[in-house]
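Remarks on the structure that follows.
In what follows, residues are counted from 1 in the order of the sequence shown.
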Amino acid sequence: MILTHIGGPTVLIEIDGWRLLTDPTFDPAGGHYDFGWGTSSDKLTGPAMAVGDLPPIDAVLLTHDHHGDNLDAAGRTLLASVRTVVTTMAGKRRLSGDDVRGLASNEVTQLSAPDRPTLEVRATPARHGPPLSRLVVGDVVGFAVRRPDADRVALWVTGDTVLHAPLRAAAAAMSVDVLLVHVGGVRFPVTGPVRYTMTGARATELIDLVRPRVAVPAHYEGWAHFKDGRREIERALADAPEPVRDSLRWLEPGVPTDLG
């Protein structure tokens, strides 16, 4: 498996002959984005790879379509050139395309092609904020990717989520090779200390629950509303069990990294 971190939540995944892309964000730095209900943010860092430099993409795994730090203007344009988009049920209603698949938590779809093995994509639970916030922040899912005949999940993308009971249950139910964990500890001035994604401490706790072979942080840099960056994650790791520390792998933006 080869991962290339393009920026924010955007990662190019090369697995079993497939090229998958998570949450396409390719706008340049400097934009201001409104997320609704008095929340907004500025993009501080542009993508490490331009859309034109991408290889052909087989499918996009879109954790949610309604926040500009997960799908921006350039990302929306890219979707038109991708055969398959897997996203939330609400995202399926909002997006156009010949093969947009909406999944609720725990629902499954398959990616099939004659020249490569079939991949199963299962939606995993995500809650993008505190209890009862779903009506305000909208639906989000994560994705667990594996071959249908495999016992082990090849890749789990958490999506934007806090650490809550359904996520803990999903972690306990899966054996995971590579965990792509969205961090950032998102906060907004209008809601004070409330967090909308995992802090470094909570991400470390999830890694300890999952015990993947490799854990890769994403969605922790490049935006003004991210409050837990690499420094905070590393601080949390200092107190984590040795297997958690040993599993963590930082990706250099724009550089393809073979995770084995």
Q. Taking the six-membered ring for Trp, are F226 and W223 parallel (under 30°), tilted (30 to 60°) or perpendicular (over 60°)?
A. tilted
Verdict with reasoning, L111 to L20, per side chain to side chain contact (heavy atoms under 4.5 Å, CB included): CA-CA 10 Å; L111 303 176; L20 313 177; 3.8 Å; yes
Answer yes or no: does atom CH2 of W250 have more than 12 heavy-atom neighbours from other residues, nucleotides or ligands under 6.0 Å? yes
Taken to the nearest 0.5 Å, the spacing of H66 NE2 from L95 CG works out to 11.5 Å
In N70, L71, T158, the residue satisfying side chain to side chain contact (heavy atoms under 4.5 Å, CB included) with P9 is N70
With a 4.5 Å heavy-atom cut-off, do L12 and P55 have their side chains touching? yes
With the threshold set at 4.0 Å, does a side-chain nitrogen-carboxylate oxygen contact exist between D228 and R202? no
Please indicate whether D99 has more than 12 foreign heavy atoms, meaning atoms of other residues, nucleotides or ligands, lying under 6.0 Å from its CG.
yes
Under 3.5 Å donor-acceptor, E221 side chain and G8 backbone
yes
query: Can you tell me if CD on E242 sees more than 12 non-hydrogen neighbours from other groups inside 6.0 Å?
result: no
Residues L259 and R249: closest non-hydrogen pair is CD2-NH1, 3.6 Å
Problem - Donor-acceptor contact below 3.5 Å, side chain T4 vs main chain G254 - result: no
Which atom pairs, one a donor and one an acceptor, fall under 3.5 Å between side chains of residues 85-93 and the rest of the protein, sequence neighbours left out?
| from | atom 1 | to | atom 2 | distance (Å) |
| --- | --- | --- | --- | --- |
| T87 | OG1 | L62 | O | 2.9 |
| T88 | OG1 | G91 | N | 2.9 |
| K92 | NZ | V100 | O | 3.0 |

V214, V181: one ILVMFWY side-chain cluster at the under-4.5 Å cut-off? no
Do NZ/NE/NH1/NH2 and the carboxylate oxygens of R231 and E234 come within less than 4.0 Å? no
On a heavy-atom basis, the closest approach of G129 and V162 is O-CG2, 3.3 Å
(Q) For the CG atom on D258, are there more than 12 heavy atoms of other groups (residues, nucleotides or ligands in this structure) within a distance under 6.0 Å? (A) yes
Exercise. Is the closest side-chain heavy-atom distance between H225 and D42 below 4.5 Å?
Worked result: no
### Task
Answer yes when D27 and K43 have at least one side-chain N-carboxylate O distance shorter than 4.0 Å, and no when they do not.
no
Heavy atoms of S105 and V141 approach each other most closely as N-CG1, 4.4 Å
In this structure, CG of L79 is separated from OG1 of T84 (nearest 0.5 Å) by 11.5 Å
Do the side chains of Y220 and L163 join up, straight or via other hydrophobic residues, at under 4.5 Å, putting them in one cluster? yes
L119-L180 co-clustered via ILVMFWY side chain contacts under 4.5 Å:
yes
Determine, stepwise, if the pair E205 / M198 fulfils side chain to side chain contact (heavy atoms under 4.5 Å, CB included). CA-CA 10 Å; E205 186 178 345; M198 280 184 278; over 6 Å; no
Does a side-chain heavy-atom distance below 4.5 Å link M174 with R122? no
- Query: Does a side-chain heavy-atom distance below 4.5 Å link P166 with R127?
  - Reply: no
Compare all side-chain heavy atoms of L21 with those of L78 and state whether any distance is below 4.5 angstrom. yes
Between the CH2 atom in W156 and the OG atom in S175, the distance rounded to the nearest 0.5 Å is 12.0 Å
Inset, instruction - Please step through side chain to side chain contact (heavy atoms under 4.5 Å, CB included) for the pair M49 and L54, ending with a clear verdict. - result: CA-CA 7 Å; M49 180 185 293; L54 288 173; 3.4 Å; yes
The ring-ring contact (aromatic ring centres under 6.0 Å, His included) partner of H182 among H128, H219, H64 is H219
CG of D53 to CD1 of I6, rounded to nearest 0.5 Å, is 9.5 Å
Q. Considering only heavy atoms from C-beta outward, does the side chain of R19 approach that of P56 to under 4.5 Å?
A. yes
Can you find a pair of side-chain heavy atoms, one from P212 and one from I207, that are under 4.5 Å apart? yes
Residue pairs passing the side-chain hydrogen bond (donor to acceptor under 3.5 Å, both in side chains) test with at least one member in residues 71-82, sequence neighbours excluded, are none
Nearest heavy-atom contact between G159 and T63 is CA-CG2, 3.7 Å
D16 vs R116, test: salt bridge (charged side-chain N to carboxylate O under 4.0 Å, His left out). Steps then yes/no.
CA-CA 7 Å; D16 288 345; R116 67 201 80 165; over 6 Å; no
* To do: Verify the cluster assignment for L132 and V194: are they in a single hydrophobic cluster under the rule of side-chain heavy atoms below 4.5 Å apart?
  => no
NZ/NE/NH1/NH2 to OD/OE distance under 4.0 Å, D58 and R83:
no
With a 4.5 Å cut-off on side-chain heavy-atom distances among I, L, V, M, F, W and Y, is there a chain of contacts connecting V140 to F143? no
Test side chain to side chain contact (heavy atoms under 4.5 Å, CB included) applied to S41 and D69, step by step: CA-CA 9 Å; S41 187; D69 61 327; over 6 Å; no
| said: Under a 3.5 Å threshold, yes or no: a donor from one side chain and an acceptor from the other, between T39 and Y196? | reply: no
Separation between CZ (F35) and OG (S40), nearest 0.5 Å, reads 7.5 Å
Here the pair of heavy atoms bringing T197 nearest to D160 is CG2-CB, 3.9 Å
What one should report as the nearest heavy-atom pair of P47 and P28 is CD-CA, 4.4 Å
Query raised in the report: Are E232 and K227 ion-paired here, with the side-chain N under 4.0 Å from a carboxylate O?
Result: no
| message | Counting C-beta onward and ignoring hydrogens, is there a side-chain heavy-atom pair between P241 and D208 closer than 4.5 Å? | response | yes
